[in-house]
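Please read the structure below before turning to the comments.
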Protein chains: 2
Amino acid sequence: MDAVRPDMPTPPGRKPRRPAPARQPLTQDLIVETAVRVLDTEGLDAVTMRRVAQELGTGPASLYAHVSGKDELRELMLDRVAAEIRLPEPDPARWQEQLKELATEIRRVWTAHRDIAKVSMGGIPTGPHLLAVAEVQLELMRAGGVPPRIAGLAVDTLGMFIDADAIEDTIYTARTPPGEDPWEYFRGHFEEITAYFRALPADRFPNIVGMVDELTSPSGDERFQFGLDILVRGIASYVAPRDGD
Amino acid sequence: MDAVRPDMPTPPGRKPRRPAPARQPLTQDLIVETAVRVLDTEGLDAVTMRRVAQELGTGPASLYAHVSGKDELRELMLDRVAAEIRLPEPDPARWQEQLKELATEIRRVWTAHRDIAKVSMGGIPTGPHLLAVAEVQLELMRAGGVPPRIAGLAVDTLGMFIDADAIEDTIYTARTPPGEDPWEYFRGHFEEITAYFRALPADRFPNIVGMVDELTSPSGDERFQFGLDILVRGIASYVAPRDGD
DNA sequence: ACCTGAACACCGTTCAAGT
DNA sequence: ACCTGAACACCGTTCAAGT
């Protein structure tokens, strides 16, 4: 942005020593941004220290000046992605709907970034954006009259549910081999599983065989809303010793 | 078992060419058994094709005659572990309790085998023992009058919840560095997190700072029973249009 | 202070060659 | 049929050396 004047043509015979270095100086932000780009295009497994370094035109050792290691990089990626979660303005009258909307929003952001939910699953949130999400969840529940102990447990339980569902969701879509139509591939996988269940011995697995359609309906959204509904109703049931019902 | 006579002493000067091969012939069962032993002692990350092969006194290439690759090996490990889950004799009158007991039993078995739940999370159950567990869950709910569609969704949701909780649980215990007392290590980690939360800016995170104790209570069992209770009550609410209440 | 090359101790999987 | 050595194309992290 300082020495480069892209509006001027390169004078003849003036070749850069190395083919277009143009490298920005390494920063933590730049590393995390690059890592998220690799995540989005190729999935979490492709985000290796070496791959990120390569993308930045350097070697893996260079990253260690800005990031303590792979684990920290993954944590930083998660919090960067969490910044995309749109938080609601709490409206105490609508706390249950808002809690469900927020959960749906988190799931939307997670699934928009491949299998990033694997990083969230089973890690204590420490990044500022992740903490802001938890803060709003607590605020919604406290304003709705949920007792502190229950609200604390519920943040954990909701988080586990959202992460697990996002991971489950990406199993199908993310494992598509490159070059294949994701939906076509999914269809194939799906038929295979249905056929497998249908071929099971009916005497040992009468319920599974008899409920193949109910078990393999691929609607991830329906499963998510089902679980979310149950959880939020359950949380709400702790609001008062007995209200009007 | 055929050419070896262990009751006879080795004649003098008769040394085995290689130091005590004594190797059983490689079978899928032996490989899976060995892999689970490595899992139990060192965790899932330590279960590599090379490590399992080494444990069997051979090279990694030898395993590929009995197992298609690492993914299949992990699936086989999961189903072998699932064989330890004790299944109840369905008693329709107690279906809700039995469903909760079964979920608790699954969690017990998962956490007894380190982070095996990571394999379960987001994989469709196909092994015979895993299918037997799903079959009983469906049987319990169907006998309790849960509609098929709800029972199908509930098996998924319950499974996600159990896996997520088991993974969360092993975060603390399984990451203990070798040679350190797990509880001491956990204590330290825990104090660190509490201190971090307490030091957060109270104006941006009033609920988190104000609820540190509720948020960091380490009781995994309480969280599990809380979520389980909510889920099973939610499932039960679909039993009839309106019963006696 | 920041960056790097080279090295260390690992990975999963394939394949031609052996028995 | 089963097993193997060697190789291929990767890993995360460290460390002495450079600028």
For B:Leu87, the side-chain contact (heavy atoms from CB on, under 4.5 Å) test, sequence neighbours excluded, returns B:Ile85, B:Leu102, B:Ala132, B:Val133, B:Val136
Taken to the nearest whole Å, CG/A:Leu44 to C1'/D:dC11 is 14 Å
B:Thr126 meets the side-chain contact (heavy atoms from CB on, under 4.5 Å) criterion, sequence neighbours left out, with A:Tyr196
B:Leu63 atom CG is separated from D:dG5 atom P, nearest whole Å, by 13 Å
Legend entry - Span that lies between the P atom of C:dA9 and that of D:dA9, in whole angstrom: 23 Å
Atom CG of A:Leu30 and atom P of C:dC2 are separated, to the nearest Å, by 15 Å
Atom CD of A:Gln28 and atom P of C:dC2 are separated, to the nearest Å, by 12 Å
Sorted by chain and number, sequence neighbours left out, ring pair (Phe, Tyr, Trp, His ring centres under 6.0 Å) with A:Phe205 holds for none
Which of A:Arg74, A:Met77, A:Arg114 passes side-chain contact (heavy atoms from CB on, under 4.5 Å) with A:Val47? Answer is A:Met77
The side-chain hydrogen bond (donor to acceptor under 3.5 Å, both in side chains) partners of B:Asp40 (sequence neighbours excluded) come to B:His113
Separation of C:dT4 atom C1' from A:Leu56 atom CG, nearest Å, is 14 Å
Here the distance between atom C1' of D:dT4 and atom NE2 of B:His66, to the nearest Å, is 13 Å
Applying side-chain contact (heavy atoms from CB on, under 4.5 Å) to A:Pro125 and not counting sequence neighbours gives A:Leu130
For nucleotides 14-18 of chain C, tabulate all protein N/O to nucleotide N/O atom pairs closer than 3.5 Å, reporting atom names and distance.
none

Residues at least two apart in sequence or cross-chain that pass ring pair (Phe, Tyr, Trp, His ring centres under 6.0 Å) with B:Phe226, listed by chain then number, are A:Tyr238
Using the 3.5 Å cut-off, write out each protein N or O paired with an N or O of nucleotides 8-10 of chain D and the distance between them.
none

Contacts of B:Ala65 meeting side-chain contact (heavy atoms from CB on, under 4.5 Å) (sequence neighbours excluded), chain-then-number -> none
To the nearest angstrom, the CE-C1' distance between B:Met49 and D:dA6 comes to 17 Å
Dot-bracket for DNA chain C, 5' to 3', Watson-Crick and G-U pairs with both distances under 3.5 Å, [ ] for crossing pairs, | for partner on another strand, reads ||.|||||...|||||.||
With A:Asp169 as partner, the option from A:Arg107, A:Lys118, A:Arg108 fulfilling salt bridge (charged side-chain N to carboxylate O under 4.0 Å, His left out) is A:Arg107
C1' gap between D:dA16 and C:dC2, integer Å | 15 Å
B:Glu191 meets the side-chain hydrogen bond (donor to acceptor under 3.5 Å, both in side chains) criterion, sequence neighbours left out, with none
Separation of D:dC2 atom C1' from B:Ile31 atom CD1, nearest Å, is 12 Å
*If only side-chain N and O atoms of A:Thr58 are considered, is one of them under 4.0 Å from the OP1 or OP2 phosphate oxygen of C:dT4?*
yes
Sorted by chain and number, sequence neighbours left out, salt bridge (charged side-chain N to carboxylate O under 4.0 Å, His left out) with B:Arg51 holds for B:Glu42, B:Glu55
